[in-house]
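Worksheet: one structure, shown below.
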Amino acid sequence: MSDGTTTDEALNPAASAAPAYGRSLALLALAIVLIALPFTVQAIGQPALVPLATRVLIYAIAAASLNLALGFGGMVSFGHAAFFGIGGYVVGILYRTMTDDGLFLGFIPGTDQLLITLPAALLVGGLFACIIGALSLRTSGVQFIMITLAFAQMLFFLFVSLKAYGGDDGMTIRRRNALFSLNTRDDITFYFICLFVAALVFLVLWRIVGSRFGMVLAGIRQNERRMAAIGIAPYRYKLAAFVISGMGTGLAGALMANYLRFVSPDMLHWTKSGELMIMVILGGVGTLLGPLLGAAALVVLETVLTGWTEHWQLVLGPILLLVVLFTQGGLNGLLGRLGLGRSAP
Amino acid sequence: MTLVLEQLLNGLQFGVMLFLLAAGLTLIFGIMGVINLAHGSLYMVGAYASAFAAAQTGSVWLALLAGLAGAAIAGMVVEIVVLRRLYARNHLDQVLATFALILIFNQGVTILFGRQPLFVSVPPALNGSVQLLPGLTYPVYRLAIIAVGLLVALGLYLLINRTRIGMLVRAGATHREMVRALGVDIRLLYTAVFGLGALLAGLAGLMAGPILAVQVGMGEQILIMTFVVVVIGGVGSIRGAFFGALIVGLVDTSLRAFMPGLLRHVMTGPEADALGAGLASMGIYLLMAIVLLVRPKGLFPAHV
């Protein structure tokens, strides 16, 4: 993870004083590590690490998207599992419709083409985020946390009760979605698909955070009233950020459904929202690469601890507690302080 | 008609259980500003401690004592060790830290008692049913739960509105800094309030034992509903928690009881049952969303 550290440090807004070439160099190093990863782990005889890395990437997409709302926009959403699950169900329902040769809602034909399912998940995730966000953003503070949770729970119970799509048991997707003539069943191929999507998502988020829109969003987070006073309507900006956040999370859900070849209401459960939040906080709220770090930390920790003891949550719990109580700014901030002695934002 | 009455009583019984949890949660949030996701774990601790004591000693009173003491002690330890450090933090840190506490509590209980649910028998004195109306018999134990819940509500009302501690609690909920500035030992007050909240959660847990299975994860199921109650009622308001709990209890119970039946008029049996159960579970969240959209601070806001 040492390469990740330097990159991360370089991408911190506070560290932007670092020479530009240092930042590009570090990013390049991260890219090389991620691209070389499948071949390296095969060379050292650990091919099982490829699916693990794929899961990290997928969760990183979801966590980074959540971070746009939570870290950059200051909207503590406790319901992002809704968009994650919706993305998954878009893939599942389209696949089921295709195998049944039917029409979803009477006019949408099914498909198993990744180039269609991913944008569809993006769109549907955004649509739901638009509806949920438009209503939820009328409240703030603890009420916002709870109302986003309430909407996610509603969708959770809706999918539990939809027997046509597996209900409680979820539904299996027999084959991963197809992309050109690639063999998506192959772990390494699928890893690179996820890596490509993740790179795209991080690039878009990086552009958004640095744009005028991102600046306004940061301003609203810091002082909503002041932004309103200088003539900016906070509601629209917050809603836009929330929708983009939901879209990214939906996309991650679609990839996850492909990865597992299975969707179930578990993807919408409130503990999944909690997990995504943990990744963001673990990595560092409001930092670009923090969610990647947090997702990697949580997924790897979970895998290592499960192999080690049945009671892995008893180890994870105190670790989380220590991170919250004693590190300001998550792992990203901790590494930043250890690394260059410069305080993270 | 008797079916409706029976469901109303069930709703009332569920409502007072929710109230016991919501009262503590709303006080903790209102006074200390902490979102305590681990409140459900204290409910679980109460249920387990009481079930364990009942199995070991066979005494109802010892079981009662163990449940209350177990939850209250666990609550105060949690407050002193963890939550005290979180008062000044943002909601995000609080959510994560108390989420971590849930993991710790759940795994701790799993190690101590295993994954098998424990079953607790109804105390002999409260066994059996009584006939309330011609054709309507109702279990004594559930009536006792309703009575205990209403008594606790009355007691809390007197405590909050008629005593010095209650005055501090009310003052703390609305003007936290001022209370501190006037020289009140706010840390002691915080620990006491947290202990009281935990005690009530433990009471709910131990009473739930004989009607539900005592198992790991029982806390989270009811925790989310408790949050719904607190938000509907208005954060920090005991009165809001009381009416919110009754509303949520009645709405949830009657939707569960009657929704599948209503749907069966328009679709086939099994599908209607599944969809009805789903819609019934969604009901209270829909209710909360509507309440928040109409009155963003809840029905009885504490901070006016």
Side-chain angles (χ1 to χ4, degrees), chain A residues 70-71 74 76 78 132 135-136 138-164 167-168 265 269-271 273-275 277-278 280-282 285 309-326 328 330, chain B residues 29 33 35 37 81-82 85-86 89-108 110-111 220 223-225 227-228 230-232 234-236 270-271 273-298:
Chain A
L70 194 145
V76 184
F78 204 170
I132 294 176
L135 294 172
S136 308
R138 293 167 48 112
T139 64
S140 62
V142 69
Q143 277 86 4
F144 181 80
I145 302 180
M146 289 304 147
I147 198 169
T148 46
L149 174 70
F151 280 117
Q153 287 292 97
M154 276 190 244
L155 286 170
F156 170 77
F157 285 117
L158 179 70
F159 279 106
V160 165
S161 66
L162 281 181
K163 286 278 175 255
D168 220 354
H269 200 243
W270 70 276
T271 47
S273 299
E275 258 176 63
M277 279 168 92
I278 287 175
V280 174
I281 302 169
L282 213 52
V285 179
T309 163
E310 181 197 349
H311 305 294
W312 58 276
Q313 291 187 335
L314 202 58
V315 187
L316 182 65
I319 293 178
L320 284 179
L321 213 51
L322 290 177
V323 168
V324 180
L325 290 180
F326 300 112
Q328 303 272 343
Chain B
F29 189 84
I35 300 180
L37 291 186
V81 175
V82 179
R85 299 168 206 279
L86 291 171
R89 301 287 192 84
N90 57 24
H91 291 330
L92 207 54
D93 283 355
Q94 295 168 354
V95 167
L96 183 59
T98 50
F99 194 89
L101 284 176
I102 292 183
L103 297 182
I104 296 172
F105 269 111
N106 279 351
Q107 279 304 311
T110 309
I111 289 175
E220 283 83 83
L223 169 81
I224 303 283
M225 297 190 89
F227 269 115
V228 171
V230 169
V231 170
I232 286 182
V235 170
E271 272 183 34
D273 287 347
L275 193 64
L279 291 181
S281 313
M282 286 166 71
I284 57 160
Y285 299 103
L286 192 65
L287 179 72
M288 166 166 140
I290 293 170
V291 167
L292 277 186
L293 292 175
V294 179
R295 305 192 60 163
K297 296 257 177 223

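Just so we're clear, the structure is a prediction, and the values are computed from it rather than from any experiment.
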Counting heavy-atom pairs under 4.5 angstrom with chain B, the leader among A/Val76, A/Leu149, A/Val142, A/Leu320 is A/Val142
Minimal heavy-atom distance between B/Ile35 and B/Phe227, with the atoms involved, is CG2-CZ, 3.8 Å
Side chain of A/Ser136, backbone of A/Phe144: donor and acceptor closer than 3.5 Å? no
Please flag which part of B/Leu293 lies under 4.5 Å from any non-hydrogen atom of chain A: side chain, backbone, both or neither. both
Name the region of B/Val95, side chain, backbone, both or neither, that has any atom closer than 4.5 Å to a heavy atom of chain A. side chain
So if I apply the side chain to side chain contact (heavy atoms under 4.5 Å, CB included) rule between B/Leu92 and each of A/Leu70, A/Ile145, A/Val324, A/Val280, which one comes out positive? A/Leu70
Quick one: which of B/Leu286, B/Val228, B/Val230, B/Thr110 has the most heavy-atom pairs under 4.5 Å with chain A, could you say? B/Leu286
To the nearest 0.5 Å, atom CE of B/Met288 lies from atom CE of B/Met225 at 11.5 Å
So for A/Phe159, is it side chain, backbone, both, or neither that comes closer than 4.5 Å to the heavy atoms of chain B? neither
If we define contacts as heavy-atom pairs under 4.5 Å, which of B/Gly33, B/Ala280, B/Ser281, B/Gly108 has the most with chain A? B/Ser281
What's the spacing between A/Leu321 CG and B/Leu96 CG if we round to 0.5 Å? 8.5 Å
Does any heavy atom of chain A fall under 4.5 Å from the side chain of B/Phe105, the backbone, both, or neither of them? neither
So, the part of A/Val160 with a heavy atom under 4.5 Å from chain B: the answer is neither
Checking heavy atoms, do the side chain of A/Phe151, its backbone, both or neither come under 4.5 Å from chain B? side chain
Under 4.5 Å to a heavy atom of chain B? For A/Met154 that would be both
Heavy-atom pairs under 4.5 Å with chain B are the metric here; pick the option from A/Leu322, A/Leu135, A/Thr139 that has the most. A/Leu135
Nearest 0.5 angstrom please: B/Leu292 CG to B/Leu287 CG, how far? 9.5 Å
Taking only residues two or more places apart in sequence or in another chain, which ones pass side chain to side chain donor-acceptor pair (under 3.5 Å) with A/Thr271? A/His269
What part of B/Val231 gets within 4.5 angstrom of chain A, counting heavy atoms only: side chain, backbone, both, or neither? side chain
One should read off an interatomic distance between B/Thr98 OG1 and B/Leu223 CG, to the nearest 0.5 angstrom, of 8.5 Å
B/Gln107: partners by side chain to side chain donor-acceptor pair (under 3.5 Å), with sequence neighbours left out: A/His311, A/Gln313
Sort B/Ile224 into side chain, backbone, both or neither according to what part of it lies under 4.5 angstrom from a heavy atom of chain A. side chain
